[in-house]
**Student:** 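Sharing a structure below in structure tokens format, with a few things to ask.
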Protein chains: 4
Amino acid sequence: MKTETITPQSQETIRNILDTAAQIFAEVGFAGARVDEIARRANVNKAAIYYHIGSKEALYAQVLQEIFSDLSERIVQHVQEAQMPEEKLRVYIRQIGQTLQTRPQLAAIMMREIASGAQHLPDVIMQTLVQMISILTTILKQGEEAGVFTPSIPLMIHFMIVGQFIFLRTSKHLISQHQEAVPESFKSTHQTISETIVEEVENLVLRAVKK
Amino acid sequence: MKTETITPQSQETIRNILDTAAQIFAEVGFAGARVDEIARRANVNKAAIYYHIGSKEALYAQVLQEIFSDLSERIVQHVQEAQMPEEKLRVYIRQIGQTLQTRPQLAAIMMREIASGAQHLPDVIMQTLVQMISILTTILKQGEEAGVFTPSIPLMIHFMIVGQFIFLRTSKHLISQHQEAVPESFKSTHQTISETIVEEVENLVLRAVKK
Amino acid sequence: MKTETITPQSQETIRNILDTAAQIFAEVGFAGARVDEIARRANVNKAAIYYHIGSKEALYAQVLQEIFSDLSERIVQHVQEAQMPEEKLRVYIRQIGQTLQTRPQLAAIMMREIASGAQHLPDVIMQTLVQMISILTTILKQGEEAGVFTPSIPLMIHFMIVGQFIFLRTSKHLISQHQEAVPESFKSTHQTISETIVEEVENLVLRAVKK
Amino acid sequence: MKTETITPQSQETIRNILDTAAQIFAEVGFAGARVDEIARRANVNKAAIYYHIGSKEALYAQVLQEIFSDLSERIVQHVQEAQMPEEKLRVYIRQIGQTLQTRPQLAAIMMREIASGAQHLPDVIMQTLVQMISILTTILKQGEEAGVFTPSIPLMIHFMIVGQFIFLRTSKHLISQHQEAVPESFKSTHQTISETIVEEVENLVLRAVKK
DNA sequence: AATGAATGAGAATTCATTCAT
DNA sequence: TATGAATGAATTCTCATTCAT
């Protein structure tokens, strides 16, 4: 059994590239990103990116892949563990919230992707999304049947959840950018939200779907 | 008596440029947009864009300006006309929904802007946003005092509203792009939503804030 | 006899254009000059330049023409009036010096022209130059024959004269541009020169050619 | 033993670019120069110029820098070696003359620079010029004190020297350009000058300052 | 005569990608 | 693996000139 000869330090180089790329794609999007800049900020020679990854598009796909890979798994697993529809829905929301907190770039990248009609989203990722909606649909249906949820459209609920998290996360940036234009009260409120954000979203969504 | 010579022909050219630019910026974002392409699709000489507008950045700023200019006005005006907090909130939501339906590009552009920390958003526009939040805050407070709303955080409610609309609108594209990965049921549902979308969002939000 | 119907106010427009153009060509050269800029600074519509003059090249030629037209005449005339070779040479120098003082742009334009091999100099102007050299040659020969001048090469003497004036004039700008790098003493000296510059050059050249 | 690998190939590319650029800037000036043309004539990809140098302006600055760097050193060194003021002055003139013969572009570039008020001349170069004037001032003062020179203004003497060389050099071009307008005698004379040009200038200047 | 608008042909600069070592 | 250099294809922007009024 090979145990560790797989990759000496190139592993580190690749890690570096992917992390930096994720950051930059989040900041300026695919079209706005510059391979030169990614190389510079990753402390890596530009040619190394091509050696290891292949192309800017491949780099982007890999970044997305990485970011999405565990989200779906986590949801499937944790939702199963919960019993009641209400609790399952909370788990669903919580997993999304936590993923977005762990991978802060995901929000920005997703927003751009959705804005441009997901032209760059590999099908693998689309399937992940569809799978998530299916899970949510099941949860909501169970809730309806159990008489605790009012009828609602799963897709809208999903976007309600994702939208909340994404907007709140990305808007932090937005607010700090325009300090002058934002009143004091606004800022402190925002601060408070960030800390209990997941719980807030849970409550809001639950209120919206509960009978 | 000539009553219609008011518009020198250049007005039309500029209109053309701005509309086409709005469309393209919505499709591919600022970095992805090509001035050549804008000129081509606007049936305008590229140099004319520089003659009338000045630069790609100025073009983008002007597009944003235009798109935002009337939203805030509409909200201020219509909200005043409504009486009860509940109705005021519905009006607030409806105006946003209608603006996004009239100017379909707004949603996509906003998503990108928020994703990149609103680096391009002029302060004028930020102020518009802040003003909108203030109005919403007043509505929610009145509702609380009247005993019809449960306490909630205005900023989150705002993003809940905007997020819903934006996501639903932009996701139409997304779904049609990835036909293969999307199940039949999913699509028809989506179709249905689009038609009653504004009403749906109203209900969802109202349920979320009502006592 | 027509007395004044020749040109109403277009005369003024043309004057404006030519003067501004002379200034700008002196500042940045032919290639560096922008027709837009000339129009702007002349308070004239750009199309008017084309209406009145025809093209950028034509504008340049006309500017040169104007500037050179009277120089040669003045020299021919005044040199004849002087008697002794020494006095004739002084007159020659003085006329050049005065022309350059009246038309400050001439120096800069000439320097550029010479630097680029006079590609833009119309033959008319070349002939003027050649004529001037002939006059100088005659003066110097007469001086030699009269035993007051030492043999010298007319072309060099001409360049000595013109070079002095042109360099001194253009270098004023140069010195004021780089205040920090220029010592105090340097500046005041320069000031003094400017006032008696013509006389200085006369003496210098006379000393150089006298026996 | 390899003794010549010191120069990585990029050195050659840069050398090529700078030499070609110097040539072209001399021919047509900064504004008239085309980066495309420089690349073409240097047998270098246009992007390589940007890779190595950065911009057209940077290229120009570097060309100026290079051309001036050794002139000042040479003068300082050689003038010291001479004993008598008269000989020192000849050395001063000779060094300038030889530099202009080695770097034929210098003359043309300097003329344009002076014509446009030395907007592009970095202060480093201005300091070089000022230093040269200081040296000349010292020489002339010593000559006066020794009773061999008549009082004169150093700046004018300097421009007399430089002007002569520059004009003579650049005017070669001028004359060949306008063959038709130039009489036979004129041309042959000019030929003769070129060969003994340095010596001629020395004599001319010496005569002008000697008592 | 005069002008705002328009335009085609550049011109500087950028950028993803490849190459030689 | 890694890297400095090179490159072709854009891409933004400029500019002399023309047009319609």
Side-chain angles (χ1 to χ4, degrees), chain A residues 7-14 30-39 43-59, chain B residues 5 8-14 17 31-39 43-59, chain C residues 7-14 30-39 43-59, chain D residues 5 8-14 17 31-39 43-59:
Chain A
T7 32
Q9 77 184 109
S10 79
Q11 200 67 344
E12 197 193 316
T13 303
I14 292 175
F30 179 79
R34 302 289 163 243
V35 178
D36 270 285
E37 172 78 357
I38 293 171
N43 283 320
V44 152
N45 185 282
K46 185 170 41 161
I49 293 179
Y50 286 87
Y51 179 78
H52 287 294
I53 317 279
S55 76
K56 191 185 172 186
E57 289 223 352
L59 179 55
Chain B
T5 338
Q9 175 182 4
S10 81
Q11 288 298 330
E12 199 192 314
T13 304
I14 292 174
I17 293 170
R34 300 290 163 240
V35 178
D36 270 290
E37 173 75 359
I38 294 172
N43 282 321
V44 151
N45 186 285
K46 183 174 38 165
I49 293 179
Y50 287 91
Y51 177 76
H52 287 293
I53 317 280
S55 73
K56 189 184 171 187
E57 289 223 352
L59 179 55
Chain C
T7 32
Q9 77 184 108
S10 79
Q11 201 66 344
E12 197 192 317
T13 303
I14 292 175
F30 179 80
R34 302 288 163 243
V35 178
D36 271 285
E37 173 77 357
I38 293 171
N43 283 321
V44 152
N45 185 282
K46 183 170 41 160
I49 293 179
Y50 286 88
Y51 179 78
H52 287 294
I53 316 279
S55 76
K56 191 185 172 186
E57 289 224 351
L59 179 56
Chain D
T5 337
Q9 177 181 1
S10 80
Q11 289 297 331
E12 199 191 315
T13 303
I14 292 175
I17 293 171
R34 302 292 163 238
V35 178
D36 268 290
E37 174 75 358
I38 293 172
N43 282 320
V44 151
N45 185 285
K46 184 172 38 161
I49 293 179
Y50 287 89
Y51 178 75
H52 287 293
I53 317 281
S55 74
K56 190 184 171 186
E57 289 223 352
L59 179 56

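Residue numbering restarts at 1 for every chain, and letters A, B, ... go by the order of the sequence lines. Note that this is a predicted model, so its numbers are computed, not measured.
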**Student:** Specify the closest pair of heavy atoms between D:A58 and D:I53, including all atoms of both residues, with the distance to one decimal.
**Tutor:**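 Minimum heavy-atom contact is CB-O, 3.7 Å.
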
**Student:** Would you confirm whether C:K56, through its side chain, and C:R34, through its main-chain N or O, come within 3.5 Å as a donor-acceptor pair?
**Tutor:** no

**Student:** Rounded to the nearest Å, what distance is computed from the CD atom of residue A:E12 to the C1' atom of nucleotide F:dA2?
**Tutor:** 14 Å

**Student:** From CD of D:Q11 over to P of F:dA6, roughly how many Å is that when rounded to an integer?
**Tutor:** 11 Å

**Student:** Which is more 5' along DNA chain E, the nucleotide nearest A:S55 or the one nearest C:V44? Just name the residue.
**Tutor:** C:V44

**Student:** Within the structure, does a side-chain N or O atom of B:R34 lie under 4.0 Å from either OP1 or OP2 of F:dT12?
**Tutor:**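 Looking at the OP1 and OP2 atoms of F:dT12, one of them is under 4.0 Å from a side-chain N or O of B:R34.
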
**Student:** Grab the CD-P distance between A:E57 and E:dC15 for me, whole Å please.
**Tutor:** 17 Å

**Student:** Side-chain contact test, heavy atoms from C-beta onward, threshold under 4.5 Å: evaluate it for A:I38 versus A:V44 and give yes or no.
**Tutor:** no

**Student:** Does A:Y51 make a side-chain N or O approach to OP1 or OP2 of F:dT1 shorter than 4.0 Å?
**Tutor:** no

**Student:** Write down the partner of F:dA20 under the Watson-Crick or G-U wobble criteria, each distance required to be under 3.5 Å.
**Tutor:** E:dT3

**Student:** Below 4.0 angstrom from OP1 or OP2 of E:dA2, is there any side-chain N or O of C:T13?
**Tutor:**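 It does, given that an N or O in the side chain of C:T13 lies less than 4.0 Å from OP1 or OP2 of E:dA2.
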
**Student:** Indicate, with a heavy-atom threshold strictly under 4.0 Å, whether B:A33 touches base, sugar-phosphate, or nothing.
**Tutor:** sugar-phosphate

**Student:** How long is the line joining CG of D:D36 and P of E:dA9, in whole Å?
**Tutor:**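 The answer, rounded to whole Å, is 16 Å.
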
**Student:** List the steps and the verdict of side chain to side chain contact (heavy atoms under 4.5 Å, CB included) for D:N45 and D:Y51.
**Tutor:** CA-CA 10 Å; D:N45 185 285; D:Y51 178 75; over 6 Å; no

**Student:** Among F:dT1, E:dA12, E:dT17, which is the nearest nucleotide to the side chain of D:K46?
**Tutor:**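 The closest nucleotide is E:dA12.
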
**Student:** Roughly, in whole Å, what's the span from NZ in B:K56 to P in E:dT13?
**Tutor:**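 It works out to 18 Å between those atoms.
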
**Student:** For residues A:K46 and A:A39, report the shortest heavy-atom separation together with the two atoms involved.
**Tutor:** CA-CB, 3.6 Å

**Student:** Pairing check on F:dC15: which nucleotide meets the Watson-Crick or G-U wobble criteria with it, both distances under 3.5 Å?
**Tutor:** E:dG8

**Student:** With a cut-off of less than 4.0 Å, is there a side-chain N or O of D:S10 near OP1 or OP2 of F:dG4?
**Tutor:** no

**Student:** Looking for any heavy atom pair under 4.0 Å, which part of the strands does C:A31 touch: base, sugar-phosphate only, or nothing?
**Tutor:** nothing

**Student:** Nearest-Å distance, CD1 (B:I49) to P (E:dG8)?
**Tutor:** 13 Å

**Student:** Output yes when at least one side-chain N/O atom of D:Y50 is less than 4.0 Å from OP1 or OP2 of E:dT13, else no.
**Tutor:** yes

**Student:** When you get a sec, tell me which of E:dA1, F:dA16, E:dA16 is the closest nucleotide to the side chain of C:H52?
**Tutor:**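 Of the candidates, E:dA1 comes closest.
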
**Student:** Between C1' on F:dG4 and CG on D:N45, what's the gap in Å once rounded to a whole number?
**Tutor:** 15 Å

**Student:** D:I38 has an atom CD1; how far is it from atom P of E:dA11, in whole Å?
**Tutor:** 12 Å

